[in-house]
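Beneath this line is the structure, given in structure tokens, with notes to follow.
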Number of protein chains: 2
Amino acid sequence: MRAQPGRSVTSKVLALLDAFSPASPALSLSELARRAELPLPTAYRRVAELVRWGALERGDDGRYRIGLRLWEVGSLAPRGLGLRELALPIMEDLYEVTHENVQLAVRQDLELVFIERIAGRHAVPVLTRVGGRFALHATGVGLVLLAYAPAEVQEQVLAAPLERYTELTVTDPVRLRRRLAEVRRVGYAVSDRQVTMDALSVAAPIRAPEGVVAAISLVVAHDRADPVALAPLVQAAGRVLSRALGTSYRQAPGRVPLRSRHETQ
Amino acid sequence: MRAQPGRSVTSKVLALLDAFSPASPALSLSELARRAELPLPTAYRRVAELVRWGALERGDDGRYRIGLRLWEVGSLAPRGLGLRELALPIMEDLYEVTHENVQLAVRQDLELVFIERIAGRHAVPVLTRVGGRFALHATGVGLVLLAYAPAEVQEQVLAAPLERYTELTVTDPVRLRRRLAEVRRVGYAVSDRQVTMDALSVAAPIRAPEGVVAAISLVVAHDRADPVALAPLVQAAGRVLSRALGTSYRQAPGRVPLRSRHETQ
DNA sequence: ACCGGAGCTTTCATTGGATGAAAGCTCCGG
DNA sequence: CCGGAGCTTTCATCCAATGAAAGCTCCGGT
């Protein structure tokens, strides 16, 4: 009856949630059990409890999906909806001026997560999805987030193989390191045909008191792009957001550190 | 050592997540334990595990917040982001035409949850929040969702005391029942100063093969509103969305029920 | 109608992860 | 230096969780 020791109940529940992905948002019980590496009866019981609470929902087809209740709780994430609510007006301004795609992303571990996107009807199609992940080394937002990430994060990304998306993608750690230094120097990042051969993006950092917490970018067709002209726009948006964050984002309750800025190496 | 019997580990984890709310998105360990009704050491251990996974994050102030990882998983909810992605273009069209607030909501149990909102800069201020809940009996979207809800849901709502928000709020079950019949008859709902004395909303149902799954509305200043003129607009948006849902929303994989429509009493 | 298989649900004896009292630790203000 | 608040760790105990096995339900093939 060995219950594979070292596995907590909580970790099993989380593994069940983790089984879902953008590519497979609906799973049968058997699929769930297999992906979470749980015996069927165990999966059955945990899943039943999650459904009862509303974390999962069961469709007419018998398959399970992420439930609205979990979406509600997730919407309380400061780095998710919280950030989005703050940024949306500025993103809309940027869209009004340029009518190009506007993206907002944060770093999570060694990848980036897209928090919001305004996709112009006539702009270049972008293949990103809100809530989706992407590598840090190619996109504009990714370069910004990586450039201002803790040294240890940068080292880990540079040490791993860097995936190539186009013939122009920078996959050489040495060259990438130079690009990151450049990003820090000028305060914005340009990603020219690094992900697809038709798109170019310009990104700027968004700073909170504790360092760079997000990045905002414009994605435009590479042949009608003028990065130097776009950069000030994106940077301005980033600065407005940084100011907004400084005040309302993560209100240190009671004790406000007046001059601690021990981050962003 | 009595471990209050009948309480599963999973339920404790969910209770911890449930402790967060729009009004208190950041909690100390003690607050978390108290709200989840757990002994401190128990809360400590479960919370530590949730942080390790990324479901919670601990701020510089020592308090816990909902983590980005949970937001990511939540974004996979078909009735959350899934619905939003589908509806956003149509909502934007509605906004372009009217420059008024556009809202999208679904029913969860006996309340409604706002999925998305486009708030016009110059439109009436609305006090709703994406991810927030509200009663079903007052707003436009609420009336639509209630009108097309299963009879048993309607009975439960009508049986409970109906909160009054303004002097005009309909709180009499008999009158409300008549209004719901009217909504079903004409196919849209008008909520005139039911929540605040300055706003009026017009809402229409969004149907999937299995019945009404969401509602869309315009919220306008009550004194410059012409419900009869707005209704066709909102209804058209609802119908476009219903059509979109019929095809791409909940793709029954493999076996598509060709003519089952056994819902929506 | 019958059979076989896939997928889900329930039962039941067993046990290891979970538990909470208590003690230890850390920080801060007086 | 002391006291208190809040968090973390230890440790002996035990019940929620477990998985093998059997039961159930729905199909599709024959």
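When reading the values below, keep in mind they use all heavy atoms of this one structure, side chains included, and skip hydrogens, waters and symmetry mates. The chains referred to below are lettered A, B, ... by the order of the sequence lines, with proteins before strands, and numbering in each begins at 1.
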| query | Knowing that exactly one of Leu29(B), Leu32(B), Leu38(B) qualifies, which makes a side-chain contact (heavy atoms from CB on, under 4.5 Å) with Tyr44(B)? | reply | Leu29(B)
| request: Examine the base of dG17(C) for any acceptor or donor lying under 3.5 Å from a partner atom in the side chain of Arg45(B), and report the outcome as yes or no. | output: no
| How many Å lie between CD on Glu49(A) and C1' on dT10(C), as a whole number? | 16 Å
| remark: Walking DNA chain C from its 5' end, the first of Val9(A) and Pro41(A) to be reached, judged by nearest nucleotide, is Pro41(A)
| query | Lys12(A) has an atom NZ; how far is it from atom P of dG16(C), in whole Å? | reply | 12 Å
| message | Between P on dA18(C) and CG on Leu38(B), what's the gap in Å once rounded to a whole number? | response | 13 Å
Write down the protein N/O and nucleotide N/O pairs, taken from nucleotides 5-8 of chain C, whose separation is under 3.5 Å; answer none if there are no such pairs.
from   : atom 1 : to       : atom 2 : distance (Å)
dC8(C) : OP1    : Leu29(A) : N      : 3.3
dC8(C) : OP2    : Ser30(A) : N      : 2.9
dC8(C) : OP2    : Ser30(A) : OG     : 2.1

| task | Calculate the interatomic distance between Leu32(B) atom CG and dT8(D) atom C1'; express it in whole Å. | result | 16 Å
Under 3.5 Å, which protein N or O atoms sit close to an N or O of nucleotides 24-26 of chain D? Give each pair with its distance.
none

| task | Test for a donor-acceptor pair under 3.5 Å between the base of dG16(C) and the side chain of Arg7(A), counting only N and O atoms. | result | no
| How sharply is the helix from dA1(C)-dT30(D) to dG30(C)-dC1(D) bent, taking the axes over five pairs at either end and rounding to 10 degrees? | 40°
| remark: All heavy atoms of Arg107(A) vs all of Pro150(A), minimum pair found to be NH2-CD, 3.4 Å
| message | Any heavy-atom pair between the side chains of Met91(A) and Gln103(A) that's under 4.5 Å? | response | no
